[in-house]
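First comes the structure, then the notes that go with it.
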Amino acid sequence: MKILLVEDDYMLAKALEGALSNEGFKVINVLNGGEVPAAIYEHEPDVAILDLGLPDIDGVTVLQKIRESKNALPVLILTARDTVYDKVDALDKGADDYLAKPFDMQELLARIRVLARRVGITASNMINIGDLKMNTLDQTVCFQEQEMEITKKEFLILKSLMQSAGRVQTKEMIERKLYDWSEEVNSNTIEVHISNLRKKLPHAIIKTIRGVGYTIAAN
C-alpha cells in the first residue's frame, strides 16, 4: 500500500518514513503542499497523511483542492493543531481522520489500517478480473497471460476502472486521476484513451454507460 506523506519537518518525516516502511508501506514524502498534485498524479497513493502547517500552502487548502478535484483519496490529518475548532474544520472540509501531535506510532498505524479497510485496500498488488490481470506495483497488464503494451495514461484509466469494478467512473473522476489541477484537458481526451484501450482489449470489457461514464463488470 502506498502512502503519501506531506510533512515539512524533515526529521519527523524521515522517522515516519522509516517506521511506515518497516510495516510494509511504500512511502512518498513531499515537503510542500504545492508538490501534492504531481505526487498524486505520479504515484497514485492509497492514503495521504497531511500536515496542516506547511511552509507554502496551508494544509486545509491542500485538502480542499483534493476534494474539489473529486479525488476520494483517504486523508489523515497529522498536525500540532489540536483545538476542537481545527479538528471540526478539517473534518468538515473532507478529512477522513485527525490525529494531533505528539502521537503514538501504534495509534497512527491503527488509524491507517482503519482507512485502508474502509476503502477496501488490500496488501496485494494484483487486481484480477477474469482473464485481465494488473500488477499495480510494476505497472504491467496481462490479458489471457499475454502482457499488453499500454501507455501511462491508459494504465491509470484501466487501473481506475478495475479498482472500481462494478461501479461507474465518470469522465470527470477519471480526468482527475490523470491530470494536475491546473492542466487544461481537451474535451475528448478520455474518449481517445478509452478507444485505444478497447483496441487492445476485447471491446466488451469496458462498457460505456451513456451520459454517465465507464465501467468494468466485476467477475
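These values consider heavy atoms only, across backbone and side chains, with no hydrogens, waters or symmetry-generated copies. Every value quoted in this text rests on a predicted model; they were computed, and no experiment measured them.
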Worksheet item: Taking the side chain from R67 and the backbone from K93, do they hold a donor-acceptor pair closer than 3.5 Å?
Response: no
Worksheet item: What are the two closest heavy atoms between I129 and A165, and how far apart are they?
Response: CD1-CB, 3.6 Å
Worksheet item: Where the side chain of D51 meets the backbone of L54, is there a donor-acceptor pair that is under 3.5 Å apart?
Response: no
Worksheet item: If you group Ile, Leu, Val, Met, Phe, Trp and Tyr by side-chain heavy-atom gaps below 4.5 Å, do V27 and L12 land in one group?
Response: yes
Item to complete: List the steps and the verdict of side chain to side chain contact (heavy atoms under 4.5 Å, CB included) for L4 and N29.
Response: CA-CA 6 Å; L4 174 61; N29 179 219; over 6 Å; no
Worksheet item: Side chains of I77 and L91: does their closest heavy-atom pair fall under 4.5 Å?
Response: no
Fill in: P45 side chain reached by I3 side chain, heavy atoms, under 4.5 Å
no
Practice prompt. Return yes if a side-chain donor-acceptor contact under 3.5 Å exists between E35 and N32, otherwise no.
Written response: yes
Worksheet item: Hey, are D97 and R113 close enough for a salt bridge, meaning a charged N less than 4.0 Å from a carboxylate O?
Response: no
Discussion item. With clusters defined by side-chain heavy atoms of hydrophobic residues (ILVMFWY) lying less than 4.5 Å apart, directly or transitively, does I57 cluster with I28?
Written reply: yes
Worksheet item: Going by distance alone, is a donor N or O of one side chain under 3.5 Å from an acceptor N or O of the other, for E147 and T140?
Response: no
Discussion item. Pair D8, D56 - check side chain to side chain contact (heavy atoms under 4.5 Å, CB included), show working.
Written reply: CA-CA 10 Å; D8 68 311; D56 59 338; over 6 Å; no
Discussion item. Any heavy-atom pair between the side chains of F143 and I205 that's under 4.5 Å?
Written reply: yes
Worksheet item: Does E7 reach the side chain of I49, with side-chain heavy atoms less than 4.5 Å apart?
Response: no
Item to complete: May I ask you to decide if T151's main-chain N or O and E154's side chain share a donor-acceptor pair within less than 3.5 Å?
Response: yes
Fill in: Pairwise side-chain contact, T79 with Y98, heavy-atom cut-off 4.5 Å (strictly under)
yes
Item to complete: Indicate, with yes or no, if L99 and V47 share a hydrophobic cluster defined by side-chain heavy-atom contacts under 4.5 Å among Ile, Leu, Val, Met, Phe, Trp and Tyr.
Response: yes
Worksheet item: Is the shortest heavy-atom distance from the side chain of K65 to the side chain of S69 under 4.5 Å?
Response: no
Discussion item. Taking atom NZ as the centre, does K159 end up with more than 12 heavy-atom neighbours from other residues, nucleotides or ligands that are less than 6.0 angstrom away?
Written reply: yes
Worksheet entry | Side chains of K101 and R81 in contact at under 4.5 Å (non-hydrogen atoms) | no
Worksheet item: Can D86 and T83 be counted as having a side-chain donor-acceptor contact under 3.5 angstrom?
Response: yes
Worksheet item: Does a side-chain heavy-atom distance below 4.5 Å link L161 with I157?
Response: yes
Discussion item. Test side chain to side chain contact (heavy atoms under 4.5 Å, CB included) on L63 and L50; report intermediate values, then the result.
Written reply: CA-CA 8 Å; L63 173 63; L50 175 64; 4.0 Å; yes
Worksheet item: Checking side chain to side chain contact (heavy atoms under 4.5 Å, CB included) for the pair F25/L5: CA distance, chi angles, key distance, verdict?
Response: CA-CA 11 Å; F25 299 114; L5 175 61; over 6 Å; no
Worksheet item: Hey, is the main chain of R167 close enough, under 3.5 Å, to the side chain of T215 for a donor-acceptor pair?
Response: yes
Worksheet item: K87 and D82: which non-hydrogen atoms are nearest, and at how many Å?
Response: CE-O, 3.7 Å
Worksheet item: In terms of hydrophobic clusters joined by side-chain contacts under 4.5 Å, are L156 and V192 together?
Response: no
Practice prompt. Look at atom NZ of K200 and say whether more than 12 heavy atoms of other residues, nucleotides or ligands are closer to it than 6.0 Å.
Written response: yes
Practice prompt. Spell out, as yes or no, whether a donor-acceptor pair under 3.5 Å connects the side chain of R111 to the backbone of L115.
Written response: no
Discussion item. Is there a path of hydrophobic side-chain contacts, each under 4.5 Å between heavy atoms, that joins V60 and V88?
Written reply: no
